[in-house]
Structure formats: C-alpha cells, structure tokens
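All values below come from the heavy atoms of this structure, side chains included, with hydrogens, waters and symmetry mates left out. This structure is a prediction, so every number in the text was calculated from the model and none was measured.
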Amino acid sequence: MLDVRQLHVYFGRGAARNHAVRGISFSVSRGGCFGLVGESGSGKSTVLKAICGLAPNWHGSLHLAQTALTQKRGLDFCRRVQMVFQDPYGSLHPRHTIDQILAEPLRIHRFDDIKTRIIRALEEVGLDLTFRFRYPHQLSGGQRQRVAVARALVTNPEVVLLDEPTSALDVSVQAEVLNLLARLRRERNLTYVLVSHDLSVVAHMCDRLAVMQHGRIVESLDIDKLHNQRPSHPYTRQLLLASRGYDRKTIDAFKDFD
C-alpha cells in the first residue's frame, strides 16, 4: 500500500541546510501497521510529513498503491491519506465547533450527506451527539484526540499517519485511544504508519517496526523479535533498556551511536 525508497528530507538552504532524513526505506502492506521508533530528533515525524506533503523538500521514491507521488499532491491523495497529529490541544481550531471541524474536510472533498457522516464519525470514535456543537476547550485531552481521529477518518481514507497519537494524554486515556485505533483499523482495513518513542505502544499496535537514529534506520525488525528482546543493533538494545524505566547505573552506561 505504501512504499518508501531512499527518502531524503532537507530543511533550510545553503550552509544552514539540515539533512533531517537520510536515505530510509520501508514498505507497508494494505491493512498493516508499521512503526517508526527512536529518540526525539531522529526524524520520525519528518518522515510522516514528507509522506503527507507537509515537507516538500525531499527526494527519493514514494509510492501509494503503486502510484508514484510527487511534491505536488492533489485532492484525491488528501482524501486517501490522512494524519493524526501529536497534540490534541493544538491540532483542532479553538474557535470552531466539533461540527465545523468535521464538516470542513467533507466540504473540501465534496461529500454528500455531511450531517449523517458527522454523526456516524462521532459514533465510531465513541462520542455521543452532545459533543457535536461543543468547542475543543470544552473537551478533555482524550476526547479531543478522538475528534482528531474522527476528522482523519471522515473522508474514508486508506492510509492513516499517526504522529505520537497518545503521548500528550494521561496513561489511563492512552489505552482507550490505542484500542480505538486498533478497532478502526480492523473494521476498515486501514493501513497505519505509527510514530512513537514508546516501544510498548508500538508493540501493541504494529506488525513491524524500524528504529531510527540521526535520520537513518539502524534496524528493522518484526514484533516477535521485539517481544523476545532479540534486536541486533546496540542502539535498539539500549532503547529496550530505557523503556524498562529509569535506572541511574544503566543510564550512565549508555553510549551515543554515530
């Protein structure tokens, strides 16, 4: 469904140019969930932005269902590929009601029966009709992220890009949102690319993953290897140790792998 080959992404120009993503490759089958993990600044979110067209300064090969993507993306691509952003407090327009937020993509893509589709979208993410005319500041963080998921799904996309979808939420709410995303993926046969620094989130959601550091993929592995804690790269092993919790002696032994 999605094929990425030798993707490079840059920010800035001249001497100030930052080579943020350095020749990464991966593919995701239809209905699959692929994870990108790594520390902050490793280039994970930049990969998603390049795929969805928000980081135009890239080169390499991007294919959606065997169709090559260029820097310019049309409305059909925007309907088929949607993104859920990390911050549910910043990704929703503060002066728009939930009804307006969900209606906007439907109007852009000229869908009929807008009211019916909005009601169905709210029901799918577990929000009743009392939320329809509320504003984002009247919702909790988990409810806002459910609205963000509903907005991403309201155009019936095939691919959903998830940028740390639970990192801004309380631990008690994270599981609810992750279970919601897993259920919607099964029901709609959606294809996910999930970015996270949390290995437990990736292990819960994904079939395969790639570990990124300094803009490169240092290791690709399936979930069985992650569960059995059998990664081959020392940086991945270090991430697994860090995921177990804070330990001063362990942290002091960590290395920076160039």
Side-chain angles (χ1 to χ4, degrees), residues 1-12 16-29 32-52 54-55 57-64 69 83-86 159-167 178 191-258:
M1 188 64 195
L2 185 66
D3 189 64
V4 177
R5 288 285 172 263
Q6 289 299 310
L7 176 65
H8 295 260
V9 185
Y10 305 91
F11 293 104
R17 189 176 76 163
N18 177 23
H19 194 172
V21 176
R22 299 167 179 261
I24 74 164
S25 300
F26 64 89
S27 61
V28 193
S29 60
C33 182
F34 185 83
L36 288 172
V37 300
E39 61 193 25
S40 297
S42 59
K44 309 182 301 296
S45 297
T46 301
V47 173
L48 296 192
K49 291 176 181 177
I51 293 172
C52 72
L54 294 177
N57 192 8
W58 61 271
H59 70 79
S61 170
L62 295 176
H63 284 79
L64 176 67
L69 302 178
M83 187 163 171
V84 177
F85 294 89
Q86 178 178 358
V159 177
V160 180
L161 309 176
L162 302 165
D163 186 8
E164 302 264 15
T166 60
S167 65
L178 290 175
T191 303
Y192 285 169
V193 181
L194 170 67
V195 157
S196 181
H197 64 275
D198 190 334
L199 286 171
S200 63
V201 170
V202 173
H204 178 71
M205 292 288 294
C206 298
D207 314 309
R208 297 183 300 116
L209 71 145
V211 180
M212 291 190 66
Q213 187 197 27
H214 302 322
R216 296 184 175 90
I217 289 178
V218 298
E219 182 172 5
S220 297
L221 62 160
D222 59 30
I223 291 302
D224 287 338
K225 281 189 177 181
L226 182 64
H227 283 309
N228 296 326
Q229 301 191 10
R230 290 188 286 109
S232 59
H233 196 279
Y235 176 72
T236 309
R237 293 196 292 268
Q238 191 164 281
L239 275 182
L240 277 171
L241 287 174
S243 70
R244 297 175 185 173
Y246 180 79
D247 178 82
R248 181 73 264 173
K249 185 177 179 181
T250 302
I251 297 298
D252 287 340
F254 280 3
K255 299 177 182 179
D256 185 22
F257 298 95
D258 294 326

For a quick test of reading the model, state the closest non-hydrogen atom pair linking Val9 to Ala50 and the distance between them. CG2-CB, 3.9 Å
Is a side-chain N or O of His19 found less than 3.5 angstrom from the main chain of Val21, in a donor-acceptor match? yes
Verify side chain to side chain contact (heavy atoms under 4.5 Å, CB included) between Phe11 and Thr46, making sure each step is shown before the conclusion. CA-CA 10 Å; Phe11 293 104; Thr46 301; 3.6 Å; yes
For Arg17, does the CZ atom sit with more than 12 other heavy atoms under 6.0 Å from it, leaving out its own atoms? no
Give me the atom names and distance for the closest heavy-atom approach of Leu69 to Trp58. O-CH2, 3.6 Å
Closest heavy-atom pair and its distance - Ile217, Ser220: CG2-OG, 3.7 Å
To the nearest 0.5 Å, atom CE of Met1 lies from atom CG of Asp3 at 12.0 Å
Looking at CZ of Phe34 and CE of Met205, how far apart are the two atoms once the value is rounded to the nearest 0.5 Å? 14.5 Å
Check whether Lys44 reaches the backbone of Gly38 with its side chain - one donor and one acceptor, N or O, closer than 3.5 Å. yes
Provide the closest heavy-atom pair for Pro165 versus Leu194 in the form atom of the first, atom of the second, distance. CD-CD1, 3.5 Å
Drop me the distance from His59's NE2 to Leu7's CG, to the nearest 0.5 angstrom. 8.5 Å
Would you check if Val47 and Met212 make a side-chain contact, meaning some heavy-atom pair closer than 4.5 Å? yes
I'd like to check Ile223 versus Arg208 (side-chain heavy atoms, cut-off strictly below 4.5 Å). Are they in contact? no
Val201 side chain near Leu178 side chain, heavy-atom distance below 4.5 Å: yes
Measure across Val202 and Gly35 and return the closest heavy-atom pair with its distance rounded to 0.1 Å. CG1-CA, 4.4 Å
Distance, nearest 0.5 Å, that separates CG of Leu161 from CD1 of Ile51: 5.5 Å
Working to the nearest 0.5 Å, report the span between NE2 of His204 and CG of Asp198. 11.5 Å
Are His63 and Ser27 close enough that some pair of their side-chain heavy atoms sits under 4.5 Å apart? no
Test item: Ser42 and Val211 side chains (from C-beta on) under 4.5 Å apart, heavy atoms: no
State whether the side chain of Asp207 and the backbone N or O of Cys33 hold a donor-acceptor pair below 3.5 Å, judged by distance alone. yes
Can you tell me if Ser25 uses its side chain to pair, donor with acceptor, with the backbone of Gln6 under 3.5 Å? yes
Report the distance from atom OG of Ser45 to atom CG of Leu54, rounding to the nearest 0.5 Å. 11.5 Å
